[in-house]
Amino acid sequence: MELPLNYSEHEAEIKWLKYWEENNVYKFNPDTKKEIYTIDTPPPTVSGKMHIGHAFSFSQQDFVARYKRMAGFELFYPFGTDDNGLATERLIEKLKNVKSKKMDRDEFVKLCLKTLEEIRPDFIFDWKKLGMSCDFDIFYSTIDAHSQRISQESFLKLYNSGRIYRKKSPIIFCPHCKTAIAQVEMEDVEKQSTLNYIKAKAESGEYLIYSTTRPELHPACVGISIDENGDYVTAKRENNELWIISKDAYNTMKEEFPMEIINEYKGKELLGKKVEIAYSLRNFVEINHDISVKTEYGTGIVYYCSYGGLDCVEWLSRHKTIEPLHIMDESGVYTKGKYKDLPSDKAREEVLKDLEADGYLIKKQKMKHFVNVHERCQTDIEYVATEQWFIKYLELKEQFLEAGNKLNWYPNHMKNRYDNWVKGLQWDWCISRQRHFGVPIPVWYDKHGNIVVPKADELPIEPLKNVPKGYSMNDLTPEKDVLDTWATSSLTPTLAADLFKNHPVYKKLYPMNLRPQAHDIITFWLFNTLVKSQLHDKINPWKDVMISGWALDPHGKKMSKSKGNVIEPQEVIKKYSADALRFWAAGSKLGEDLPYQEKDLATGKKMVTKLWNASKLAITNLEDYKGQKPKHLLPIDAWILSKLNNLIKSSTESFEKYEYSKTKQEVEKFFFSTLCDNYLEIIKERLYNPDIHGVDAKVSAQYTLHTSFFSVLKLMAPIMPFITEEIYHLHFIKTEGLKSIHHSEWPKFNAELINEEAEKIGDMAVDIISIVRKFKSTNKISLKEEISTLILAVNEEDEKLLKKAIADIKGVTRAKEIIFDDKDDDSFTRCENFDVKVGIIK
RNA sequence: GGGCUCAUAGUCUAGUGGCUAUGACGUCUCCCUUACACGGAGGAGGUCACCGGUUCGAAUCCGGUUGGGCCCACCA
């Protein structure tokens, strides 16, 4: 056969993509008799292009998928897209130049679905080019009717079982985006702020001094707290005003505000005092104790509002008798009090002006502090009390921790993050969003305000357009809110499995075997999915979770568009091939982050080239080999087969633990060093000269070459699916007749081929060859140059062993003569690992 | 502040108690050899972050320090 000189990775990769698709190589067969291995593939968001982090973690999960397929499983490996979120909404608005808020919701969803149909193929093609072996026909979009039905069904079931409730409750709210946001959508930003010291007159005549960064909330002040065990003082100012502050505050303030202590006491003494707060809707608030108050901060006296922040919310939950004051609505505007109709930033300016004019403000202290902002728009978040839908789960922490214990975590330590998160949960799960685009909450309200839900067989349903059977549009007011995107994406195992709902295979698809994902979303995607399956079925959604790390920039920093250090995987594939990109992704241990280093891609490309070139040698020399077993296996052949079987054993064990990087590393080393550098060089002599060494010696080499090369190809196939497929089709397909190497059986460990004596012979030979190479290198002569005599000073036992491989050693070292001699002198070199000394005569 | 995690040649990385610490890239020297010059052979390059402990023996185990990363909490 005429073999092409070079391997053109781009042509080849496109060729095999088409081939795999046309031949349904990765098609799931629901009627299979094989055991099924199910993967809960993460659905990426069609909000742009695949990024390098995707390429990194999806490659890693694909290694496992391909390994499992070769290990004999039928793969249920779906591919969905998460189209149900703000990101998609923004993308569609941009692409179609529309404003979702100005459109009918149903219409906008339809436009999204239509637009997604247009752009999705290109988007998904990036994943195909990466060599993902999903069955792309097992597809769902988290906004399609199928997903909407399942998501609404989940809502309905949980509602009917009393798990879901609606409550006026403070939620984290973005006044700019005008929606409730999740904890995870916030980020910390350090901002310049002012700590304002303000005085308030107590009923008994003294002034309490407190400090706040949120003065605009004065109208909503509902209480004032101190530390009952802390030290406080009453101090007299020059103008005879009496100030109550903590002793710590007295010490720091006395220079700026000269005063004289007239009384010292514990905070306990202040409890129950009534205080008049400026502009508050409550005339008087009462002093009480709260655990969060520290005497050394500010003045040791804190005012609480509904709601200045999480601390106020928590404070209210500790002081249950105090009624919150709701003064802000969902548009971020004050609805009551002196600053009605102002947004909070304007209100702050006005309040400060008034406080100053009315003599309440005594000090402004510049400070830097962290405020929570919405990550998308960087707007300060607010806490607003609105009607929201919640899934009640706080009392189930123990059950969730228990469920986490039952999962197999790879790597194990990632479970800590999950445990930490569950233990720290303080809120029920808020699942409603005031967005326009999303899965509608299937709820209506009748004229008395009662909640009306549909029957399961009416789903999916759009409440803005339809009503449940037996009602008319006039009877009911629809719920306008939609479900949070996580309420739907927490159902991915069901979204995928339900596509086979009417097939007997259905019951084998859930729970799934594996959830692969990155470590940043353990606390929400992983946790939320587990919550849903626990609530619905009291089981875990999967057996194993495999947690990937992140791709970082070359300096180990996180990639981000704003830093301009983003690497585009499409460009990488163009320059180095998908196999090379995957080879790079295989270089990181599971769960570890990996800096992107261009040189690693060059290494991957080198691996492709080497496989190609070595296969040319192998295939050319296997042309006349008919698969016969050799009469006698030569020691060098037994040597590499023994090494190969050790490799198969450890590679398999590594893959079973999802440690693909170990497999990659071992196979790479075996291939380059053992197979190419040494074995191939050794057997050339036998392959080229059967007239000298005999046909049996050639057949022994051919059998061994075929076995070891083919095995390496299979071991490498999960990581580099393209080049291995190319080589398979050039030759090795003949022995199996399968349509793809990816249908081949993963190499099996054969204990009979483990041969300690042969390993010793081979290892000694390699050491001797290495000494000869070094000799030639230092003497600046070509490796093909002949040497006249090779003298081996060894003990009797090793001499016997070495004599068994003497022809091979002679051939590869190009020694005209090899003699054994027990005498050695200073010119001899000792082998690295054996008590063998080597002398060379040019 | 709490939890987790990491620290190994110029760079990235392997290595969970044992001969001389792994590999790649880079670097230097040599070699155009019938798979490969998109290559091959060989060399140089390391206080395994720091301090202390356990041990016959520590990159590895324990305690502490320093510095990175991630997650969580706090910031009136």
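These values consider heavy atoms only, across backbone and side chains, with no hydrogens, waters or symmetry-generated copies. In this text, all values refer to a predicted model and were calculated from it rather than measured experimentally. So you know, we letter chains A, B, ... as the sequences are listed, proteins then strands, and number each from 1.
Separating the P atom of B:G1 from that of B:G10 is a span of 33 Å, rounded to the nearest Å. Separating the C1' atom of B:U11 from that of B:G18 is a span of 30 Å, rounded to the nearest Å. Rounded to whole Å, the separation between the C1' atoms of B:G46 and B:U33 comes to 35 Å. A distance of about 29 Å separates the C1' atoms of B:A7 and B:G43, rounded to the whole Å. A gap of 14 Å separates the P atoms of B:U22 and B:C48, to the nearest Å. Atom C1' of B:G17 sits at a distance of 12 Å from the matching atom of B:U54, rounded to the whole Å. Comparing the P positions of B:U20 and B:U65 gives an interatomic distance of 34 Å, to the nearest angstrom. Separating the C1' atom of B:C56 from that of B:G23 is a span of 32 Å, rounded to the nearest Å.
The existence of a salt bridge linking A:Arg773 and A:Asp677 is excluded, since no basic side-chain nitrogen approaches an acidic carboxylate oxygen closer than 4.0 Å. Salt-bridge check for A:Glu785 with A:Arg814: failed, with every basic side-chain N at 4.0 Å or more from each acidic carboxylate O.
The shortest heavy-atom contact between A:Ser306 and A:Leu316 is CB-CD1, 3.8 Å. In plain terms, the two heavy atoms of A:Arg417 and A:Thr523 that are nearest each other are O-CG2, 4.4 Å.
Using a distance-only test at 3.5 Å, with no hydrogens or angles considered, no donor-acceptor pair links the side chain of A:Arg282 to the main chain of A:Val222. In this structure a side-chain-to-backbone donor-acceptor pair under 3.5 Å is missing from A:Gln517 to A:Trp525.
With both pairing distances under 3.5 Å, B:A14 is matched to nothing as a Watson-Crick or G-U wobble pair. Base-pair partner of B:U20: not found among the strands shown (Watson-Crick or G-U wobble, both distances under 3.5 Å). Of the nucleotides present, B:C31 is the one that pairs with B:G39 by Watson-Crick or G-U wobble criteria, both distances under 3.5 Å. In this structure, B:A59 forms no base pair with any nucleotide, since neither Watson-Crick nor G-U wobble geometry is met with both distances under 3.5 Å.
Across the protein-nucleic acid pair, A:Glu296 atom CD and B:C74 atom P stand 18 Å apart, rounded to whole Å. Atom pair A:Tyr576:OH and B:C38:P shows a separation of 15 Å (rounding to whole Å applied). The interatomic distance linking A:Asp520 (CG) with B:C72 (P) rounds to 10 Å, in whole Å. A:Lys415 places its NZ atom 16 Å from the C1' atom of B:C71, with the value rounded to the nearest Å. At whole-Å resolution of the value, CE in A:Met607 and P in B:G23 are 16 Å apart. When rounded to the nearest whole Å, the span between CZ of A:Phe527 and C1' of B:C72 equals 14 Å. The distance between atom NZ of A:Lys366 and atom P of B:C75, rounded to the nearest whole Å, is 22 Å. Going from atom CZ of A:Arg830 over to atom C1' of B:C19 covers 11 Å, rounded to whole Å.
By the 4.5 Å heavy-atom criterion applied to side chains, A:Ile682 and A:Ile769 are counted as neighbours. Side chains of A:Leu590 and A:Ser661 form no contact here, defined as non-hydrogen atoms less than 4.5 Å apart.
Taking the ring axis of A:Tyr410 as reference, the NZ or CZ atom of A:Lys657 does not stay both within 45° of it and closer than 6.0 Å to the ring centre.
Looking at which nucleotide of RNA chain B each of A:Lys558 and A:Leu195 is closest to, the 5′-most match is held by A:Lys558.
Remark: nothing in residues 577-585 of chain A comes within less than 4.0 Å of RNA chain B through any heavy atom. For the segment residues 767-774 of chain A, the set of residues with a heavy atom within less than 4.0 Å of an atom of RNA chain B comprises A:Ser770, A:Arg773, A:Lys774, in numerical order.
Looking at A:Ser344 and A:Glu382, their side chains do bring a donor and an acceptor atom within 3.5 Å of each other. Remark: the A:Asn621 side chain and the A:Lys684 side chain contain no N/O donor-acceptor pair separated by less than 3.5 Å. Between the side chains of A:Thr295 and A:Asp248, at least one donor N or O lies within less than 3.5 Å of an accepting N or O.
You'll find the ring centres of A:Tyr250 and A:Trp243 outside the 6.0 Å limit. Between A:Tyr576 and A:Trp584, the ring center distance fails the sub-6.0 Å criterion.
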Its contact letters, B for base, S for sugar-phosphate only and - for none at protein heavy atoms under 4.0 Å, make nucleotides 26-37 of chain B read ----SS-B-BB-
Quick one, give me the B/S/- string for nucleotides 2-12 of chain B, reading 5' to 3', where B means a protein heavy atom under 4.0 Å from the base and S means that only happens at the primed atoms, P, OP1 or OP2. -SSS-----BS
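Counting non-hydrogen atoms under 4.0 angstrom, A:Thr778 reaches nothing in the nucleic acid. Within 4.0 Å (heavy atoms only), A:Glu668 reaches no atom of the nucleic acid at all.
Qualifying ring-ring contact (aromatic ring centres under 6.0 Å, His included) partners for A:Trp315, counting only residues two or more places apart in sequence or in other chains: A:Tyr304, A:His319. Contacts of A:Phe732 classified as ring-ring contact (aromatic ring centres under 6.0 Å, His included), with partners at least two apart in sequence or in another chain: A:His706, A:Phe709, A:Phe710.
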